[in-house]
Amino acid sequence: MTGKRAEILVIGHRGMLGQDLMARLGARAAGADREECDVTRRDAVEALLDELKPATIINCAAYTAVDQAESEPELARSLNADAVENLGLAARARRIHLITISTDYVFSGEGEAPWPEDAPASAFAPRSVYGQTKLEGEQRLRRIGGEFCVVRTQWLYGAGGRNFVDTMAALSAEKPVLRVVNDQLGAPTWTRDLADALTLLAERRATGFFHVANSGFASWYDVTRHIVQRLGRACRVEPCTSEEFPRPARRPHNSRLAQGKFAALAGSAPRPWPAALDAYLSERHGRNTDGNPTFS
């Protein structure tokens with residue numbers, strides 16, 4: 001456990017997002033991970049909340065091994081749905097504000113229009129176990145009620161964990177050619193910018209469903225080309241289809257998230273993905289790139 005009786009409790013504080021969130025919140029936050037609390041057990045969750053008495057919980061804990069979830073559905077469900085239900089019930093009983101992280105994978109991935117926060121029921125047709133279990137967590141919170149906020153985000157990268165950006169930065173220094181899928185569209189999102197947004201949502205005690213990602217849309221191919229160009233690599237990037245790069249879990253083709261609700265609350269959406277990525281590359285990989293300040 002990090003700290004006692006803090007204003008905000010971060011579940012999963014040792015993960016990639018959790019680390020940036022703890023750094024952003026400072027002394028206002030206490031952290032708990034699996035070593036301190038098994039969130040799949042309701043009694044453990046209740047004991048933790050009774051000890052720390054936070055005003056807000058931000059749940060960053062999840063089963064995020066998308067491909068592995070196909071062969072471990074019950075483990076994925078225990079973290080992505082059961083744990084969310086436990087937190088929701090305990091938070092409602094204690095009038096604690098709860099923010100939990102969800103994903104673009106809850107949608108069908110079809111079409112070209114950005115998914116709105118209040119999308120119709122027909123839009124929710126996840127194609128993977130990961131997406132199904134994250135949607136189940138959302139649905140359980142809807143039934144529980146209380147003061148909860150679901151934040152759907154996507155394509156996260158940050159210094160605190162393995163991620164696509166660092167992988168491509170490393171591979172582009174080793175390989176002359178990289179083939180990357182060009183038919184999945186979304187927005188790479190820096191966990192530091194997402195931490196800023198979550199802090200604002202906690203401060204406003206926001207409720208309901210929000211989409212938060214760095215602004216704009218790109219394919220994984222576009223993102224890789226940007227990384228290669230900014231880092232000055234000689235590597236050539238070639239596009240390919242998802243069918244040419246099969247994975248155990250199906251990926252959504254359309255992961256565009258509309259952010260009108262968050263932009264209205266914050267005054268603007270988070271900064272564009274190229275600016276955030278440039279700032280990250282400069283900090284993480286020592287490349288002198290220009291980046292714009294975050295929305296806050």
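Bear in mind the structure is a predicted one, so any value in this text is a computation, not a measurement. Residue numbers start at 1 and run along the sequence shown.
Among residue pairs with one or both ends in residues 64-77, those qualifying as side chain to side chain donor-acceptor pair (under 3.5 Å) are Y63-E72, D67-R247, D67-R251, Q68-E72, E74-R77, R77-E136; sequence neighbours excluded. Among pairs with a residue in residues 108-126, those fulfilling side chain to side chain donor-acceptor pair (under 3.5 Å) read E110-R127, at least two apart in sequence or across chains.
Clustering ILVMFWY residues whenever any of their side-chain heavy atoms sit less than 4.5 angstrom apart, transitively, puts V66 in a cluster other than the one holding L135. V106 and F210 sit in two unconnected hydrophobic clusters of ILVMFWY residues. Membership requires side-chain heavy atoms under 4.5 Å apart, directly or through other members. In the hydrophobic clustering of this structure, L201 does not group with L257; members are Ile, Leu, Val, Met, Phe, Trp, Tyr whose side-chain heavy atoms approach within less than 4.5 Å, directly or through other members. When hydrophobic clusters are built by joining Ile, Leu, Val, Met, Phe, Trp and Tyr residues whose side-chain heavy atoms come closer than 4.5 Å, directly or via intermediates, V181 is grouped together with L171.
Taking every heavy atom of both residues into account, A213 and Q154 meet most closely at CB-OE1, 3.9 Å. For the residue pair M22 and A29, the shortest heavy atom distance occurs at SD-CB, 3.9 Å. Nearest heavy atoms, R140 versus D82: NH1-OD1, 2.7 Å. In plain terms, the two heavy atoms of C60 and G12 that are nearest each other are CB-O, 4.1 Å. The nearest pair of heavy atoms linking L231 to A169 is CD1-CB, 3.7 Å. A pairwise comparison of heavy atoms in K261 and T207 identifies NZ-O, 3.8 Å as the closest pair.
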Checklist entry - Can E85 and R143 be said to form a salt bridge (charged side-chain N to carboxylate O under 4.0 Å, His left out), step by step? => result CA-CA 9 Å; E85 179 178 23; R143 291 194 294 268; 6.0 Å; no

Checklist entry - Yes or no on side-chain hydrogen bond (donor to acceptor under 3.5 Å, both in side chains) for S242 and D183, after CA distance, side-chain angles and deciding distance? => result CA-CA 7 Å; S242 298; D183 57 2; 2.6 Å; yes

Checklist entry - Do L48 and I11 pass the side-chain contact (heavy atoms from CB on, under 4.5 Å) test, and can you show the C-alpha distance, the side-chain angles, and the key distance before you say yes or no? => result CA-CA 11 Å; L48 178 67; I11 303 292; 4.0 Å; yes

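Considering only heavy atoms from C-beta on, E238 stays 4.5 Å or farther from Y221 through its side chain. Taking the side chain as every heavy atom from C-beta outward, T103 and T153 never approach each other to under 4.5 Å. In this structure the side chain of F209 never reaches within 4.5 angstrom of the side chain of V151, judged on heavy atoms. M16 has its side chain within reach of N163: a pair of non-hydrogen atoms, C-beta onward, lies under 4.5 Å apart. Side-chain contact between H285 and I227: absent, with no pair of heavy atoms (C-beta onward) separated by less than 4.5 Å. Counting only heavy atoms from C-beta outward, the side chains of P54 and L49 approach each other to under 4.5 Å.
Residues forming a ring pair (Phe, Tyr, Trp, His ring centres under 6.0 Å) with W220 (at least two apart in sequence, or on another chain): W155, F164. In this view, H97 satisfies the ring pair (Phe, Tyr, Trp, His ring centres under 6.0 Å) rule with no residue, not counting sequence neighbours. Listed by chain and residue number, F107 satisfy the ring pair (Phe, Tyr, Trp, His ring centres under 6.0 Å) test with F124 (two or more places apart in sequence, or in another chain).
Heavy-atom contacts from other residues, nucleotides or ligands closer than 6.0 Å to CZ of R34 number 12 or fewer.
Other members of the cluster containing F217 do not exist, because no ILVMFWY side chain is joined to it at under 4.5 Å.
D278 has a carboxylate O that lies under 4.0 Å from a charged side-chain N of R230, or vice versa, which qualifies the two as a salt bridge. Note on E203 versus R28: salt bridge recorded, some NZ/NE/NH1/NH2 to OD/OE distance being below 4.0 Å. Taking the charged nitrogens against the carboxylate oxygens, D50 and R94 do have a contact shorter than 4.0 Å, which makes a salt bridge. Ion pairing between a basic and an acidic side chain is recognised when a charged N comes within 4.0 Å of a carboxylate O; R14 and E36 show such pairing. Of the charged side-chain nitrogens involved, at least one lies within less than 4.0 Å of a carboxylate oxygen, so that E244 and R179 count as a salt-bridged pair.
Side-chain atoms of D196 do not come within 3.5 Å of backbone N or O of D193 as any donor-acceptor pair. For the pair Y280 (side chain) and V165 (backbone), a donor-acceptor distance under 3.5 Å is absent. The main-chain N or O of I8 is never found under 3.5 Å from a side-chain atom of T56 such that the two would form a donor-acceptor pair.
The distance from atom CD1 of I57 to atom CD1 of I96, rounded to the nearest 0.5 Å, is 4.5 Å.
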